[in-house]
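One structure below.
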Amino acid sequence: MSDTHKKILFRYYSDLLEDTVVETMWAEIIDLEKGLFKLDNIPFFGPLIATEDIFFAEYDEAEEKLVYRKTIESFGNSILQVVILEKGFDKEIIREELKAINCESEGLNETLFAVEVLNSVDYSHVKTILSQYEAQEIIEFAEPCLSEKHRADLLKN
């Protein structure tokens, strides 16, 4: 994977954790000399970048690795954060429900997972599913990186 991908360090403020977070994620190399990459991971803590977005990163002497600097082009995917509030609730139930509508997710631990909503998915369906669980106080969810396309999906209904 190291021939086509690089680990990139992201440092950003997380509203979820109310603190600065350092997260490393895999990115596909677009042009190594120009520092262009395409994000190939689902971010956990909410930087303003989503999967498939093209970004600029450069080698940082202090960090001794490639560090994200700015997003160059967004492809309309969104990233959500879901926190399980109900003790003992199996988060896989929600993850499978989201997967059935083409939304992949990555679990961080028993109570937190991040969801990738592709540009092609109607976000109103995703929001309906998550809002039902939130109304039952099973989860809380955040939309740290909601694309313009997905904002528009909510206005259609």
Side-chain angles (χ1 to χ4, degrees), residues 1-2 5-28 37-55 57 60 63-71 74-157:
M1 194 143 136
S2 62
H5 290 70
K6 292 282 186 193
K7 276 266 194 184
I8 311 291
L9 184 133
F10 289 74
R11 182 183 305 279
Y12 56 89
Y13 184 81
S14 168
D15 290 333
L16 178 69
L17 300 176
E18 298 179 340
D19 200 0
T20 299
V21 173
V22 175
E23 187 172 358
T24 55
M25 292 183 265
W26 284 105
E28 181 182 340
F37 301 88
K38 178 166 53 170
L39 188 62
D40 199 19
N41 261 147
I42 300 173
F44 280 115
F45 298 112
L48 293 177
I49 191 168
T51 49
E52 298 182 15
D53 287 355
I54 306 292
F55 65 92
D60 184 293
E63 298 285 357
E64 298 183 348
K65 55 184 57 140
L66 288 165
V67 176
Y68 164 86
R69 296 297 185 216
K70 67 179 179 177
T71 302
S74 177
F75 284 89
N77 295 338
S78 294
I79 302 295
L80 311 176
Q81 299 163 327
V82 180
V83 177
I84 306 295
L85 301 175
E86 185 175 297
K87 264 201 180 334
F89 184 85
D90 183 2
K91 73 179 186 304
E92 298 307 316
I93 294 167
I94 300 172
R95 291 182 67 195
E96 286 300 318
E97 204 170 331
L98 292 170
K99 188 174 184 178
I101 59 169
N102 204 27
C103 293
E104 294 294 325
S105 61
E106 272 190 46
L108 179 66
N109 54 38
E110 292 303 310
T111 60
L112 176 67
F113 63 96
V115 181
E116 170 193 55
V117 184
L118 297 175
N119 185 12
S120 58
V121 173
D122 183 338
Y123 183 62
S124 62
H125 299 311
V126 177
K127 182 121 182 180
T128 297
I129 290 168
L130 294 177
S131 294
Q132 289 171 344
Y133 284 104
E134 191 171 58
Q136 298 172 56
E137 298 182 353
I138 293 172
I139 68 163
E140 281 186 0
F141 72 98
E143 304 163 324
C145 186
L146 192 61
S147 73
E148 290 303 315
K149 188 272 184 188
H150 290 135
R151 289 176 200 276
D153 287 348
L154 296 175
L155 299 175
K156 291 186 303 192
N157 298 328

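Keep in mind that what you see is a predicted model, and the values were worked out from it rather than measured. Because only heavy atoms are used, hydrogens play no part in the values below, and waters and symmetry mates are left out as well, while side chains stay in.
- Annotation for Glu110: atom CD does not count as buried by contact number, only 12 or fewer foreign heavy atoms lying within 6.0 Å.
- You'll find the side chain of Thr51 reaches within 4.5 Å of the side chain of Ile42, heavy atoms only.
- A 4.5 Å side-chain heavy-atom check between Phe10 and Thr24 finds every atom pair outside the cut-off.
- No donor-acceptor pair closer than 3.5 Å links the side chain of Asn119 to the backbone N or O of Asn77.
- In terms of heavy atoms, Val121 sits closest to Cys103 at CG1-SG, 4.0 Å.
- Taking both residues in full, the closest heavy atoms of Arg95 and Ser105 are given as NE-OG, 2.6 Å, listed atom of the first, atom of the second, then distance.
- In the model, Thr128 has no side-chain atom that pairs as donor or acceptor with a side-chain atom of His125 under 3.5 Å.
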* Show your reasoning for whether side chain to side chain contact (heavy atoms under 4.5 Å, CB included) applies to Arg11 and Val67. => CA-CA 8 Å; Arg11 182 183 305 279; Val67 176; 5.6 Å; no
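- Of all the heavy atoms in Phe75 and Ile54, the pair that sits closest is CE1-CG1, 3.5 Å.
- Side-chain contact between Tyr68 and Leu9 is absent, with no heavy atoms from C-beta onward closer than 4.5 Å.
- At least one side-chain heavy atom of Val117 sits under 4.5 Å from a side-chain heavy atom of Val115.
- Across Val83, Leu85, Ile94, a single residue satisfies side chain to side chain contact (heavy atoms under 4.5 Å, CB included) together with Ile139, and that is Ile94.
- The NZ atom of Lys38 lies 12.0 Å from the CD1 atom of Ile49; values are rounded to the nearest 0.5 Å.
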* Asked: Is there a salt bridge (charged side-chain N to carboxylate O under 4.0 Å, His left out) between Asp122 and Lys149 once you walk through the steps?
  -> CA-CA 9 Å; Asp122 183 338; Lys149 188 272 184 188; 5.7 Å; no
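- Annotation for Lys99 and Glu104: closest pair CE-OE2, 3.9 Å, computed over non-hydrogen atoms.
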* Asked: After noting the C-alpha distance and the side-chain angles of Lys65 and Asp60, does the key distance pass the side chain to side chain contact (heavy atoms under 4.5 Å, CB included) rule?
  -> CA-CA 6 Å; Lys65 55 184 57 140; Asp60 184 293; over 6 Å; no
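- Looking at every heavy atom in both residues, Ala27 comes nearest to Phe37 through CB-CB, 3.7 Å.
- Using a 4.5 Å cut-off on side-chain heavy atoms (C-beta onward), Ser78 and Ser147 make contact.
- Contact record, Asn102 with Ser120: ND2-OG, 4.4 Å, taken as the closest heavy-atom pair.
- Between the Asn41 side chain and the Pro43 main chain, no donor and acceptor come within less than 3.5 Å of each other.
- Screening Leu108, Leu80, Ile84 against Phe113 for a side chain to side chain contact (heavy atoms under 4.5 Å, CB included) leaves a single residue, Ile84.
- Side chain of Asp40 to main chain of Glu28: no donor-acceptor pair is present (N/O by atom type, distance under 3.5 Å, no hydrogens or angles).
- For the atom pair CG (Leu112) and CD (Glu106), the distance works out to 11.0 Å, reported to the nearest 0.5 Å.
- Annotation: side chain of Met25 is not in contact with side chain of Lys7 (no heavy-atom distance under 4.5 Å).
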* Determine, step by step, whether Ile79 and Phe44 satisfy the side chain to side chain contact (heavy atoms under 4.5 Å, CB included) criterion, reporting the C-alpha distance in whole Å, the side-chain angles of both residues, the deciding distance to 0.1 Å, and the verdict. => CA-CA 9 Å; Ile79 302 295; Phe44 280 115; over 6 Å; no
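- Classification of the Tyr123-His150 ring pair by plane angle, with boundaries at 30° and 60°, yields tilted.
- Residue-environment remark: CD (Glu86) exceeds the threshold of 12 foreign heavy atoms within 6.0 Å.
- Residues passing the side-chain hydrogen bond (donor to acceptor under 3.5 Å, both in side chains) test with Lys127, sequence neighbours excluded: Glu143.
- Note: Ile8 CD1 to Leu66 CG = 4.5 Å, rounded to the nearest 0.5 Å.
- Defined by atom type and a distance below 3.5 Å, a donor-acceptor pair is missing between the side-chain atoms of Tyr13 and Glu18.
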* To do: With side chain to side chain contact (heavy atoms under 4.5 Å, CB included) as the test, would you mind laying out the steps for Phe141 and Ile129 before giving the verdict?
  => CA-CA 11 Å; Phe141 72 98; Ile129 290 168; over 6 Å; no
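- Tyr12 places none of its side-chain heavy atoms less than 4.5 Å from the side chain of Leu48.
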